[in-house]
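Along the sequence shown, residues carry numbers from 1.
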Amino acid sequence: MYCAAHAAARGGRTLVVDHAKAPGEKIRISGGGRCNFTNLRTAPGAFLSANPHFAKSALARHGADAFVALVERHRIPYHEKTLGQLFCDRSSRDIVELLLSEMAGAGAELRLQTAVVAIERTDQGFRVALETEGRRSEVLARALVVATGGKSIPKMGATGFGYRVAEQFGLPLEETRPGLVPLTFGGETLEAMRTLAGVATHGAARAARTAFEEALLFTHRGLSGPAILQISSYWREGEAISIDLSPGTDLFEAMRRARAENGRRAPATALAEHLPKRLAQHVAERAGLRGNLADLSDKALRRFVAGLHDWRLIPTGSEGYRTAEVTLGGVATGALDSASLEAKAVPGLYFIGEVVDVTGWLGGYNFQWAWSSAWAAGTAIAGRGM
């Protein structure tokens, strides 16, 4: 929709085809219904790609400030939560209405409940066969933009359609896998986590020399929360992750002080000043800490807190595309022009947003990549008079 508004801005006929019943369904459910529509801290380093430099051009030319200015022009109230995340005050539907308004103002058309049956390249561009509620039609276009997203949240209609289009035209793909997704565990580790289901705490998760310090949540399947969702994009099956249950606090010194102040307290009681009570009791019991703080030597305390600052776990997997917020991988960036998102070997064919091998962190980054890449393709098409 955003790309169509820019592509149609100079009077070109533009059609958006969507198989859903309503426009912008993923926007509608995002951010708990408030749509985390961008992040003020958007920078290339917040994106994963086989080519970490690919997103720089689009992000630099149409960044968060540009979309925020548009939100303000539409008089949509918004607020900043944490870490630069911007949310709508009222509803994510405000962003959907913004996009529909921009399309209408530029003269772009939207066709819902319409499936793409076939795509054929012609001398003038593309022939696209469509089906709308059982009725077949055909569209001829000089430019074709694939903005289909990835495989995440299939209940919303997500499929690998965009990847199949890329393959049809000979574009390579980077391996796809779920990203920003809860991690699952098995055996004794899972049993322990189930007893803690519902407990949330501030922590840090680390994998592949990358760490995120945000909230952690224990679930009946394993671990979730922002820190885990973030690190899931860097984790690979079979690898371990490290959890720091109290980042920024030297638990050894804290427990030593507690011992000096009142050695008759139970270790779990002292630890509960820094961790949720249920979690403190659980880790103390699993470590076999019995008796009083006074009974624990410095060596025993060091050994205990070392496991709290560097808790090594090997997930059995993730919850998959069912709950993943994004799809990692996608259309290989080497096949696309970074300035326009046009396929180098197929003039007039563009890939934008999540279908491309550019994946942002949690917190509005993926929306900003959608806006930036859409603007890059839309303005490139408009500039060519298509």
Side-chain angles (χ1 to χ4, degrees), residues 1-7 24-32 34-49 51-74 76-89 92 94-99 102 145-150 152-153 162 179-180 212 214 226 229-230 233 324-331 333 336 338-341 350-380:
M1 289 190 285
Y2 198 54
C3 180
H6 287 286
E25 282 293 84
K26 275 197 174 181
I27 296 173
R28 181 182 61 80
I29 67 167
S30 66
R34 294 290 180 88
C35 187
N36 181 191
F37 58 84
T38 192
N39 195 297
L40 296 176
R41 301 184 182 184
T42 298
F47 295 85
L48 291 82
S49 174
N51 177 4
H53 303 290
F54 180 80
K56 288 181 178 179
S57 176
L59 292 172
R61 291 180 296 134
H62 193 80
D65 56 342
F67 196 78
V68 170
L70 180 62
V71 168
E72 292 175 346
R73 283 202 301 275
H74 282 258
I76 296 173
Y78 66 90
H79 59 279
E80 181 180 353
K81 276 195 173 180
T82 58
L83 304 173
Q85 302 172 70
L86 299 188
F87 287 79
C88 296
D89 286 354
S92 56
D94 284 346
I95 300 299
V96 177
E97 290 302 320
L98 176 154
L99 296 172
E102 288 293 304
V145 180
V146 179
T148 54
S152 58
I153 319 182
L180 300 181
F212 292 94
E214 292 186 68
L229 298 185
Q230 295 277 40
S233 295
E325 298 202 14
V326 294
T327 302
L328 291 152
V331 178
T333 57
L336 305 176
S338 63
S340 66
L341 282 296
Y350 299 77
F351 291 83
I352 62 174
E354 187 184 347
V355 74
V356 179
D357 175 34
V358 175
T359 306
W361 291 350
L362 184 72
Y365 294 97
N366 288 293
F367 267 124
Q368 186 54 52
W369 169 242
W371 315 137
S372 297
S373 59
W375 175 90
T379 53

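- We find the CG-CG distance between L180 and L362 to be 5.5 Å, quoted to the nearest 0.5 Å.
- Here the closest heavy-atom approach between residue A377 and residue C3 is recorded as CB-SG, 4.1 Å.
- Residues forming a side-chain contact (heavy atoms from CB on, under 4.5 Å) with V96 (at least two apart in sequence, or on another chain): P23, I27, L100.
- No donor-acceptor pair closer than 3.5 Å links the side chain of S338 to the backbone N or O of F54.
- To the nearest 0.5 Å, atom NE2 of residue H62 and atom CG of residue L70 are 7.5 Å apart.
- Smallest separation of non-hydrogen atoms from S92 and C35: CB-CB, 3.4 Å.
- For the residue pair T359 and T327, the shortest heavy atom distance occurs at OG1-O, 3.4 Å.
- By the ring pair (Phe, Tyr, Trp, His ring centres under 6.0 Å) test, F367 is found to be paired with W371, residues two or more places apart in sequence or in another chain being considered.
- Distance alone, capped at 3.5 Å, is enough to place a donor-acceptor pair between the Q85 side chain and the T82 backbone.
- Side-chain contact between E102 and H74 is present, with heavy atoms from C-beta onward closer than 4.5 Å.
- Considering OG of S373 and CD of E354, their distance stands at 10.5 Å, rounded to 0.5 Å.
- A380 and Y350 make their closest contact through CB-CE2, 4.4 Å (heavy atoms, listed as atom of the first residue, atom of the second, distance).
- By the 4.5 Å heavy-atom criterion applied to side chains, Y78 and E72 are counted as neighbours.
- Looking only at side-chain heavy atoms (C-beta outward), F47 and L59 come within less than 4.5 Å of each other.
- Considering only residues two or more places apart in sequence or on other chains, T379 meets the side-chain contact (heavy atoms from CB on, under 4.5 Å) condition with H6, W375.
- Residue A376 comes nearest to A339 through the heavy atom pair CB-O, 3.4 Å, listed as atom of the first residue, atom of the second, then distance.
- Remark: W361 pairs with F212, Y365 by the ring pair (Phe, Tyr, Trp, His ring centres under 6.0 Å) rule, at least two apart or across chains.
- A64 meets the side-chain contact (heavy atoms from CB on, under 4.5 Å) test with T38, T42, Q368; sequence neighbours excluded.
- Under the 3.5 Å distance criterion, the side-chain polar atoms of E325 are left unmatched by any main-chain donor or acceptor of S152.
- Take R28 and apply the salt bridge (charged side-chain N to carboxylate O under 4.0 Å, His left out) test, not counting sequence neighbours, and it matches E25.
- Checked by atom type and distance alone, the side chain of T333 never pairs as donor or acceptor with a backbone atom of D357 at under 3.5 Å.
- Between I76 and D94, the shortest heavy-atom distance links the atoms CD1-O, 3.4 Å.
- Although no hydrogens or angles enter the test, the distance criterion places a donor-acceptor pair under 3.5 Å between the side chain of N36 and the main chain of L86.
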